[in-house]
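In what follows, a structure is listed as structure tokens, so that the remarks can point back to it.
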Amino acid sequence: MAPPIAVAICFTAGLILRLSLFRTSLALWFAEKPEISTPVTSWERAMEGVALSKSMISPYSGDLFHETPLMLRFLEFATRAFPADVNYLFVFVDMLSAFVLLKIGNLFARYLLQKQVNDIQCVSTKAEKIIIRKASVEDLHLILAAAHLFNPFSVAVCLGKSTAVFNNLAIYFSFLFLLQGNELLCLISIAMASYQSLYPLTLLAPVALYFYTVRNPKRVTSLSADAVNSYVRTTVLGLLAITGLLVISYLLEGSTLFLYSTYGFTLSVPDLTPNLGVFWYFFTEMFEHFRTFFICVFQIHAFLYVVPLSIRLRDHPVFLMYILVVLMSIFKSYPSYADVALLTSLLPLWKHIFSYMRNKFVVTNMLVCCTVFGPILYHLWIYAGSANANFYFSIALAFSSAEVFLATDLLFAYLRREFDLKHGIEQKLENGKIAQVILE
Amino acid sequence: MGFLSNPKQRQKIIDAVSKYNNKLCVLCYVAGVAWFLALASPYLNAQTYISENALLPGVVGNEFHFTDFDVNAVLKELQEELKKDKGKLPRDWLYSQFRMIGLDTYMQNYSIKYPLHITRGQSVPGQNVYAILRARRTASTEAIVMSTPFRPKGSDLTQTTGGIVLMLGLARHFRKQPYWSKDIIFLVTDHEQIGMQAWLEGYHLIDADYIKPGELPGRSGPIQAAINLEIPSGSLKSFDLKIQGLNGQLPNLDLFNLAVKICNKEGADVTLHQQHNVHSNKAWTLDGFQHTLKTMLKMMWSQAMGLPTGNHGLFHQYHIEALTLQGIHKKKSGDIGLDTTGKIVEGIFRSLNNLLERFHQSFFFYILSSTNRYVSIGMYMPPFGLICAPGLIKAIALWVGLGKETKNKEAKGEKGEKTESGKEEVASDTNDQDREKSEEKTDDQEAEKEISSDEEDEEESFHAGSGILSTVPLLFSSTLMGLLCSMGPHLLASMSGSFRMHIEDGIFYGFLALFTASLIFPKMVGRKTSKGKKLLFDWQLLKCIGLIFQSLVLFSLSLMNISLAFFLGVVIIPITVIVHPTSNRCLLWFQKLLLLLVSPAVLVYLAAMVGTLQEEKFTSLVTLLSKSWANLSRGLLLTLVDQYFFGSWIFIVFSFSVLPTWLVFWGIAFCEPT
């Protein structure tokens, strides 16, 4: 275990970092960045909505405000309770996230070791080297917390006051409760996240798989009647939780107008302000009568991969959940750095497979370059007027590609390690040479 | 994606890179530089052309002449007004002149508060006079600006009285014409660029810290283009077109082409940086190439400085295309009268009047090798990429080398790893604490931090002790130096008062001190080893990160200011690629000397030297050195002032990216060789 003093230092440093940066002009600069403030996460729009509802106009009657009704109430309360220092709220949420990540780290280390013990029959005797040892995972929680506290993406998102931090917090909580084995709270967290941004609905799949294995540790197949029963139960519970939230919203709001402004807005992508994703560019060029078709084509990606991945990774629900988080950030209609922050903060969970990854150099460089070039090309396009939309879009596309490479590389590395665990590290071909695995 | 998924194919490429990396580096660099310089030759660049059809340059006959307006009388009147009160400008006279023509005439009162306590907190007042000719055919939805700086009698710069008189004559002529579809704003500014900035800020309702623009009493629509006139009285020999704006931004190539075309049509000589075009017979010869190369380098040098070459340079930041038409007056020779100049300006304005939308055709990123040949971004990027390639190739080679090393070590045994990981953890905590302070304001910093934090996750794949965490102290301290450098001016300026020092000297010597301190810093972060103090870092990893960061900086710069990126790249890349710790003393000292030569301080000094050489003839080395020294300290202050007044980012780039990168390489020279 890492000494608690290290954790304390990490937290204070992260806290001071955020508080001191909030005093610089950097915060305002970040708030204007299209990579941080998308239409669904912009703090300015949120405040506009609060102002509208204060003057008794439904913020959902216009096309400016896209937060959910419960979020609206919460923001109203928050801005009334601390009118001058809303910044602290964001710092608090970030610190809370770090705390949750700390817990996740602890639980996940235990989970990894436990899982290894459970599957010990399948492990080859030649795979001794890659077996996870207690020493190598005992400071995982510290690394996770540090990866969040000093993650430039999370810092930027916090400074830019993106409302996506609440969504991220809910997803962190769902990881936490999943690892704790608390089904109800886990489903409620997922419901909260999906209520906020719709896409986390896909996380119900890994959760259903996970709780089935928790309930039947010695299951034979994952497609028995029992199993299906369990999946259905979890899914229905999760959907019930979401419906509950929607019903509460309806009762508060008194109309279903908010449904279009939030989920309709996310699904039909009417706002084509440039952002990190690929939707805006594609749909500015689209003829109107193809729009519906291509919207469906684009949106289906966010949900489609759940099925094949769940089948392949049915024995590894936590990894499945992480991969779905990555896919969500690639395929959602208004992606922002908040999603990148989420996936980079959780990335150290898989540090035991890093040595199997083959493209970390390429992917890291791609991400770094895109992060730097993005604002420059945006400046050249919008302010200097010397570049154009293609320049910025190329960066957005490269960023998405980097995320795709990351996801595929992680998947490959994970499966490769599983293979090695089963068959030993060094496979020999018939002629005695060392075999090499190729993905083609 | 063979490269990403097929390890066999990839292994081939990687093997090739790691085996031949040195040769490849040399080849890329030499080929890149040669290719870039060769762009000045007509074989590799292209003839300019007007891309925006709406401009229709020179289609209409220019009919301007000074009707019912005695030029010489007005000129005399103006000069007498100027003589009346030295150092003060006859704004009221100008105001009444514009009024008499019948234009909406206004005066803008602004005040300047100099940064860095230069004027001890007192503000300096200034006034701009401007008149708007309302277009008959539209409702003030668009405007074009004709501006000229107003210079008092005692000014060092050439007088612009010709421009002012011409402006009055043109205003009179333009007013009678029925065809204007854009408002024309005649603007006479005070205090050179500061006055222009004040007017632009006032026009666009921007509230700045140092220039208080006051309120503009009259306004027109969005400005589409601007022509700045710097025309002395008397007949001219030729015109010089100045295009470089703030931070090296250039106007749309169409505007430049338009001005060249109209000048040619009126039979006036037009030059770029006072360099004439080569005659078409000579263009394809070696002599011709030397001449165009000189023009191109002059143009690039001026762009690399990032300072506006005239008042036009400030328009660019508001997305307004602008250039300066400077009249060159030489004794005895010259036959271009104010009439012809007027016709040229009229021609340009009539073309601009035809514009249907903002300038968007043609190029924004280009280099000119004469007034009729250009090199576009597509042509100069490949050679620039080649120049930068050595850094990337070396970085990949180092990375591959690191991977192999780790594998070898892993094979040896894991026992050592376990014991070391405990120590590393403690180190990581202190580093994290440190890193928090180094959080910076620029992207580059963010990026660098990200390199460290992203790769921190991968640390496990390295051998502990030589992992990424060992490089953090050096990265941290070099960014800290960058931060100090960027905050320096404020601190120094506030301190120099109490030392009874001149502010210019205070800042200059302060920076010298900071630089000297940064030279010693590897000694301070060093740890004791058996052979004295050496830095115990994984220098290969450090160099890999340094090279990647450097390439990132250069490529980012190349998007904003290709010339700066080119000059920086050409100088620093060969040396940073070579640097590595060695146990050979001579080689080590040689490396350190080379590194010192490309240190930011020496680079800036060299730049000052080139600047001095351009201003005056070379007499002796000693005078050159001393003059450059004086120019350097003045130039430094000017750059700083520009940063506060106009938002120039040259200083920020140097303090946040060039200095830290250089310090990383300087640190590598002090590392323990492996």
Side-chain angles (χ1 to χ4, degrees), chain A residues 2 5-6 9-10 12-14 16-17 20-21 24-26 129 135-136 139 142-143 146-147 149-153 155-156 344 347-348 351-352 354-355 357-362 364-365 367-369 371-373 375-377 380 383-388 405 408-409 412 436-440, chain B residues 1-8 10 249-250 252 316-317 319-321 358-360 363-365 396 399 403 406 410 414 418 421-422 425-426 428-430 432-437 439 441 443-444 446-451 453-461 548-549 552-553 555-556 559-560:
Chain A
I5 182 93
I9 288 174
C10 244
T12 3
I16 294 171
L17 174 69
S20 56
L21 285 182
T24 63
S25 60
L26 209 59
K129 265 188 197 167
S136 67
D139 53 350
L142 181 67
I143 296 178
L149 288 169
F150 304 109
N151 186 334
F153 292 114
V155 174
T344 42
L347 191 61
K351 76 186 177 88
H352 59 284
F354 281 167
S355 52
M357 286 174 72
R358 296 190 300 200
N359 301 326
K360 35 189 179 190
F361 186 65
V362 180
T364 316
N365 281 337
L367 286 178
V368 172
C369 289
T371 318
V372 174
F373 287 155
I376 292 179
L377 291 174
L380 286 180
Y383 297 103
S386 40
N388 55 43
F405 289 155
T408 49
D409 206 20
F412 170 81
Q436 205 170 22
V437 180
I438 293 174
L439 191 79
E440 273 189 332
Chain B
M1 294 311 297
F3 178 69
L4 287 175
S5 58
N6 187 340
K8 274 183 189 161
R10 174 146 92 172
Q249 211 180 332
L250 301 172
N252 191 300
H316 299 160
Q317 52 188 329
H319 200 340
I320 302 165
E321 308 311 318
R358 274 179 186 281
F359 278 102
H360 65 282
F363 296 97
F364 285 93
F365 302 106
I396 292 171
W399 179 264
T406 334
E410 266 172 16
E414 296 172 355
K418 276 184 196 164
S421 63
E425 197 174 88
V426 182
S428 91
D429 304 331
T430 45
D432 286 334
Q433 189 193 14
D434 288 348
R435 195 147 6 98
E436 156 268 310
K437 292 177 204 151
E439 178 72 33
K441 292 170 194 171
D443 268 0
D444 306 326
E446 283 291 341
E448 198 189 48
K449 235 186 72 111
E450 193 179 280
I451 292 173
S453 67
D454 269 9
E455 287 180 26
E456 186 186 24
D457 309 337
E458 297 163 14
E459 89 198 60
E460 215 56 22
S461 61
I548 287 176
F549 181 64
L552 192 63
V553 169
F555 276 114
S556 313
L559 292 170
M560 316 273 277

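Residue numbers start from 1 in every chain, and the chains themselves are labelled A, B, ... in the order their sequence lines are given, proteins ahead of strands. Below, each value reflects all heavy atoms present in this structure, side chains not excepted, and no hydrogens, waters or symmetry copies.
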Is any side-chain heavy atom of N365(A) less than 4.5 Å from a side-chain heavy atom of W399(B)?
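SC-SC contact between N365(A) and W399(B) ruled out.
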Taking the side chain as everything from C-beta on, heavy atoms only, tell me whether V372(A) gets closer than 4.5 Å to F549(B).
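No, their side chains stay 4.5 Å or more apart.
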Can you tell me which portion of Q249(B) sits under 4.5 Å from chain A's heavy atoms? Options are side chain, backbone, both or neither.
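The side chain, not the backbone.
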Does any heavy atom of chain A fall under 4.5 Å from the side chain of F359(B), the backbone, both, or neither of them?
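The answer is neither part of F359(B).
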Distance in Å, F364(B) CZ paired with N388(A) CG, rounded so as to fall on 0.5 Å steps
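These two atoms lie 9.5 Å from each other.
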So which part of F373(A) gets closer than 4.5 Å to some heavy atom of chain B, the side chain, the backbone, both or neither?
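Interface part for F373(A): side chain.
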